[in-house]
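Below: the structure, in structure tokens.
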Amino acid sequence: MAVMFEYRAAHSAAEAVSLLREHGTDAKIIAGGQSLMPLINLGLAQPSLLIDINSAAELDFITRRNGSLAIGALTRHHTVERSGEVRQYIPLLAEALPLIGDPQVRNRGTIGGSLAHADPVGEIPTVASCLGAIMVVQGPNGKREIPASEFFVTYLTTALDAEELLTEVIFPILPANTGVCFKELVRRQGDFAIVAAAAAVQLGADGACTAARLALAGVMPTPLNADAAASMLVGQKPTAQIIEQAAQAACVGIDPESDVIASADYRRAMAPVFARRALTEAFERAARA
Amino acid sequence: MIERATTRLHVETQINGENTDYLCGPEQSLLEVLRDVLGLTGTKEGCNDGNCGACSVLMGSRLVNACLVLGAEAEGQEIRTIEGLAGPDGLHPLQQAFLETAALQCGICTPGFLIAAEALLDRESEPSEERIRFWLAGNLCRCTGYDKIVRAVQLAAERLRQAGQLREMEVPT
């Protein structure tokens, strides 16, 4: 049984925000629809109004700006996946993208949709958390910036107000000698990750670690930024032993859930394994960089 | 307060090269529109939540699941469905190859696979087996085990390349 709702096309961010303001929490934004449409088809989401931003072309862009790469919220996964700038400047994002869904999903799904949907095992939220990306949101009173650490609140919940629209995400461009790695545990390519880990590390001329970032997914209600644990690597030569210690430290206090795909115990056991693998490969790549 | 819709939306689009307009409810997916409004039942409904790819169609040059696109979102778009695949001279080389290599059994996934494979061959004339499997990852088949589908796409790709070479030879230099 189909759910009934109104449909309005918004041709700009301002128009979408004004519709949100008019209709408040009854309204939902639809962009790629790859998460919302299944919920609607299954009768799990019952919005009164869908605001379609697919014709807001101003939200579809990839631009380099002041040491960052800004990506418009409406940019399709496929476009990001094929972008030379993304491969060159945000290689961690480039590595994670082909793991999202399947070609049909990536052709239609948007980067802003993945972030605003805030699935705790989403690849893009995990990359955003690892790199400390900044979400730019537009509301009735103008724009504001929300760092990833504050943007993801809990399961499928962000710091976006009901009248706000996510317009872009800004990824910091890390130095060229950074080694990155994205690893996820799935039963089949394209599935939701059971756990995932994203790492970005740098090595000094003496082979010691000068910077390390780490994020985990599938272990908490939001992507887990584990930079505090990763920072114990700084100043050290990245031996297998110290990487293992950092991976274990990153997983102290994690509280995964059980679901039809995997038990909480399995996730708890796999999280440090994938943290270790992501860090190890990131260091190998940094050494070659 | 929003009044629950009884209004229908007027959508102008192009389907398989023909200008088409239709009325649809705001809640109707493109899949429902194709099948129930326009009678184009070649596009199949499998899961209706974006997992199986049975409803694959081309929107512009992009392969999408029609169940995850609203009918209203097709406004101004060019849609290509399985009904637009065969030409006036008969089956498309992909369809012929699927027949010859028995790349189907029950057939419900076949239109989706054909459209997805067509989208691949539109871009790449000589895809590797790995590339074909990666590209077709969004389409599920519970009968064939996929091998015959991959062989069919390889066979069609080979024939399309040969036909392309023949056409080039015909052009006077």
Side-chain angles (χ1 to χ4, degrees), chain A residues 1-9 11 19 22-28 30-55 57 76-79 81-82 98-109 113 186 188-192, chain B residues 1-9 11 24-32 36 45 47-77 112 115-117 119-120 123 130-140:
Chain A
M1 181 61 201
V3 183
M4 298 297 288
F5 48 78
E6 277 280 6
Y7 168 91
R8 298 281 291 276
H11 302 278
L19 284 166
E22 199 179 324
H23 300 285
T25 49
D26 285 342
K28 267 285 201 192
I30 186 161
Q34 301 300 293
S35 300
L36 184 54
M37 281 295 287
L39 295 176
I40 289 171
N41 288 348
L42 297 168
L44 297 173
Q46 306 197 331
S48 311
L49 172 69
L50 275 193
I51 303 167
D52 177 6
I53 59 167
N54 279 293
S55 45
R76 315 273 171 199
H77 297 323
H78 177 79
T79 307
E81 188 181 350
R82 291 178 59 99
L99 307 175
I100 299 171
D102 52 46
Q104 285 90 330
V105 168
R106 294 195 295 279
N107 277 339
R108 188 76 185 148
V186 285
R188 299 171 311 178
Q189 154 81 30
D191 278 358
F192 285 106
Chain B
M1 184 63 198
I2 296 160
E3 303 227 339
R4 286 302 166 112
T6 48
T7 21
R8 300 179 81 69
L9 303 163
V11 178
C24 70
E27 77 291 349
Q28 281 187 298
S29 68
L30 177 59
L31 175 61
E32 282 181 71
D36 302 342
E45 177 179 331
C47 64
N48 213 23
D49 65 8
N51 271 300
C52 76
C55 65
S56 296
V57 298
L58 288 169
M59 189 152 106
S61 60
R62 290 193 169 183
L63 181 70
V64 299
N65 287 319
C67 74
L68 298 190
V69 175
L70 289 169
E73 290 178 302
E75 172 68 35
Q77 300 279 343
I115 289 289
L120 171 62
R123 285 167 178 75
E130 187 188 352
R131 190 79 188 120
I132 293 170
R133 288 183 184 272
F134 185 75
W135 188 274
L136 298 180
N139 295 76
L140 301 185

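Here is how names work: the chains are called A, B, and so on, in the same order as the sequence lines, proteins then strands, and each is numbered from 1. Just so we're clear, the structure is a prediction, and the values are computed from it rather than from any experiment.
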**OP:** Walk me through it: do B/E27 and A/I40 pass the test side-chain contact (heavy atoms from CB on, under 4.5 Å)?
**Re:** CA-CA 9 Å; B/E27 77 291 349; A/I40 289 171; 5.8 Å; no

**OP:** Using a cut-off of under 4.5 Å on heavy-atom pairs, state which of B/G25, B/C67, B/A137 scores highest against chain A.
**Re:** B/C67

Original post:
Partners of A/D191 by salt bridge (Lys or Arg N to Asp or Glu O under 4.0 Å), sequence neighbours excluded?
Top reply: A/R188

Subject >> A/L36 versus chain B, the contacting section by heavy-atom distance below 4.5 Å >> reply: neither

Subject >> Largest heavy-atom contact set with chain B, pairs under 4.5 Å, which of A/R76, A/Q34, A/Q104, A/R8 >> reply: A/Q104

**OP:** Please name all residues satisfying side-chain hydrogen bond (donor to acceptor under 3.5 Å, both in side chains) with B/R131, sequence neighbours left out, ordered by chain then number.
**Re:** B/E124

Original post:
Considering all heavy atoms of both residues, which atom of B/L63 and which atom of B/S56 are nearest to each other, and what is their separation?
Top reply: CD1-CB, 3.8 Å

